[in-house]
Amino acid sequence: MRRIHVGNALSAFGLGFTVPYLYVYVAQVRGLGAMTAGLVLAVFAVAALVVLPFAGRAIVRRGPLPVLLTALVTASAGAMSLGLAGNATAVLLSAAALGAGQAVMQPALATMIVDSSTTENRSRAFATQFFLQNLGLGVGGLIGGHLVDTTRVSSFTLLFAIEAAMFLVLVAVLATVRMPRAPRVGDAPTGSGPGSWRSLLGNRAMVQLCVLGFVLFFACYGQFESGLSAYGVEAAGISTSALGTALAANTLMIVVAQFAVLKFVERRRRSRVIAAVGLIWAVAWVAAGFAGLGHGSQEMATAAFVSTYALFGLGEAMLSPTVAPLVADLAPSGLAGQYNSAFALVKQLALAVGPAVGGPMGASLHAPYIVTFLLFSLGISVLALRLGRRLTDVQDQPWLVRSRVVVRGPQAPEAVAAEA
């Protein structure tokens with residue numbers, strides 16, 4: 001588990017070097033224009049949607065480690081070629097390789113965490129992964145910002161080379177891992193045909209979680225760098241520096257609050273934690289509405305907008321130890337890879353649709369934009385409570401497993417006698 005977390009932090013560190021500057025690199029530094037830069041971002045999403053349906057079956061059949069190593073080598077090759085690409089065709093092909101590799105990394109890493117954890121400590125494992133991921137992205141972006149120079153192509157080539165090297169370092173770290181076989185909650189229905197999509201679709205709780213996941217990613221992550229930023233600039237008059245501060249507040253909230261929040265959510269029903277996130281995000285959208293529609297001072301608008309991103313970060317910190325472990329606990333034994341890939345596919349769909357819908361609305365339809373996503377946030381709470389009715393006690397309250405182990409342990413003979 002420690003090696004997995006170190007590798008996850010290194011890969012996020014490498015991604016941080018290039019993610020904030022990809023559009024500028026393609027459109028301005030390489031001189032390929034805004035259209036090509038937009039196509040590059042679309043290629044990332046399309047590549048993920050193409051490979052993820054096959055990634056789940058490969059993880060189930062071959063195991064997560066070989067699939068992850070293949071994805072890392074592919075992503076490394078894509079990153080390095082992207083840093084050297086000088087024309088639109090080369091850029092798009094490189095982006096496809098990088099996007100496909102990154103997409104497969106997510107469910108493969110998640111499955112490795114599942115196999116290296118138990119029901120009792122799985123929430124903490126995923127919270128640690130999310131914490132290190134955001135810390136790596138933040139540190140990488142900060143260092144990359146000091147290395148990059150828009151007047152020199154070589155500075156961007158250096159950034160992509162560092163990203164490619166981090167992927168290869170992760171290959172070296174994870175190549176030494178020997179995966180254990182950890183027990184999982186196995187009372188989810190297996191449907192017909194183990195490993196098949198029909199089996200997954202027969203699991204009603206998993207289908208409801210996928211619907212909920214789509215709304216979560218559509219209403220939050222799908223708006224960060226598109227609709228919400230466009231709304232901030234157009235409606236609230238937020239400067240680019242204030243927008244950067246808002247993004248930093250989001251990351252800072254996650255890094256600072258992650259383990260404090262973990263102590264709170266570990267003893268709560270997962271469905272109710274997700275419902276609480278919907279309410280927190282509803283408050284965030286109200287704050288965004290005040291920033292753009294409240295007609296207050298510019299300072300108040302900026303403070304409200306930064307608060308919006310911080311509140312989103314608080315919700316993300318609550319989701320990281322909740323949603324991913326729930327996907328794992330819903331998966332029948334041996335099918336965690338397929339379930340993780342299916343949920344990653346839903347996430348990519350939401351991240352592709354979210355900017356397409358939110359971007360134009362945030363830029364021009366200010367009041368409808370806020371009202372729409374306020375309702376989506378409240379819808380998260382409703383969907384989460386409905387999902388809770390389909391979960392078993394252990395799936396919704398994994399700490400019950402730990403409680404039962406303690407009761408049956410040698411420290412509590414009276415409790416054992418009473419139970420008998």
Side-chain angles (χ1 to χ4, degrees), residues 1-15 17-19 40 43-85 90-116 129 132-133 136 160-182 195-197 200 324 327-328 331 334-348 351:
M1 182 67 79
R2 285 194 295 270
R3 295 183 190 189
I4 292 169
H5 284 322
V6 168
N8 177 64
L10 288 173
S11 66
F13 177 68
L15 284 170
F17 276 89
T18 61
V19 169
V40 167
V43 163
F44 274 103
V46 171
L49 296 178
V50 169
V51 299
L52 280 172
F54 303 99
R57 182 164 295 183
I59 293 171
V60 170
R61 290 182 175 179
R62 304 294 182 184
L65 186 55
V67 175
L68 177 59
L69 296 179
T70 302
L72 288 168
V73 172
T74 303
S76 179
M80 193 67 253
S81 60
L82 190 56
L84 298 172
V91 164
L92 293 174
L93 291 175
S94 301
L98 179 57
Q102 284 181 249
V104 176
M105 284 165 55
Q106 297 176 29
L109 272 171
T111 305
M112 290 180 70
I113 291 175
V114 171
D115 289 343
S116 302
Q129 181 204 29
L132 292 174
Q133 200 170 52
F160 284 103
I162 293 173
E163 180 182 27
M166 288 298 103
F167 288 136
L168 295 180
V169 170
L170 180 52
V171 169
V173 171
L174 295 181
T176 63
V177 171
R178 296 294 177 266
M179 294 300 299
R181 296 296 300 176
S196 69
W197 285 96
L200 188 150
V327 174
L335 295 184
Q338 179 132 13
Y339 276 59
N340 283 323
S341 295
F343 196 76
L345 179 62
V346 169
K347 176 181 177 180
Q348 289 297 328
L351 294 179

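Here CG of Leu92 is found 9.5 Å from CG of Leu82. Values are rounded to the nearest 0.5 Å. The distance from the OH atom of Tyr339 to the OG1 atom of Thr111 is 13.0 Å, given to the nearest 0.5 Å. Summarising the geometry, atom CG belonging to Asn340 is positioned 11.0 Å from atom CG belonging to Leu335; distances are rounded to the nearest 0.5 Å. Rounded to the nearest 0.5 Å, atoms CE (Met112) and CE (Met105) are 11.5 Å apart. Rounding to the nearest 0.5 angstrom, the gap separating the OG atom in Ser11 from the CD atom in Gln106 is 10.0 Å. With values rounded to the nearest 0.5 angstrom, Leu98 atom CG is found 12.0 Å from Met80 atom CE.
Between the side chain of Ser116 and the backbone N or O of Ile113 there is no donor-acceptor pair closer than 3.5 Å. For Ser76 (side chain) and Leu72 (main-chain N/O), no donor-acceptor pair under 3.5 Å exists by modelled atom type.
Residues Val104 and Leu68 form no side-chain contact, since every pair of their non-hydrogen atoms from C-beta on lies 4.5 Å or further apart. The closest side-chain heavy-atom distance from Phe167 to Leu15 is below 4.5 Å.
When all heavy atoms of Ala96 and Ala47 are compared, the closest pair comes out as O-CB, 3.6 Å. Leu170 approaches Asn8 most closely through the heavy-atom pair CD1-N, 4.1 Å. Counting all heavy atoms, side chain and backbone alike, Ala103 lies closest to Val51 at CB-CG2, 4.2 Å. In terms of heavy-atom proximity, Leu174 sits nearest to Leu65 at O-CD1, 3.5 Å. Closest approach of Gln348 and Leu52 over heavy atoms only: CG-CD1, 3.7 Å. When all heavy atoms of Ala90 and Ala85 are compared, the closest pair comes out as CB-CB, 3.6 Å.
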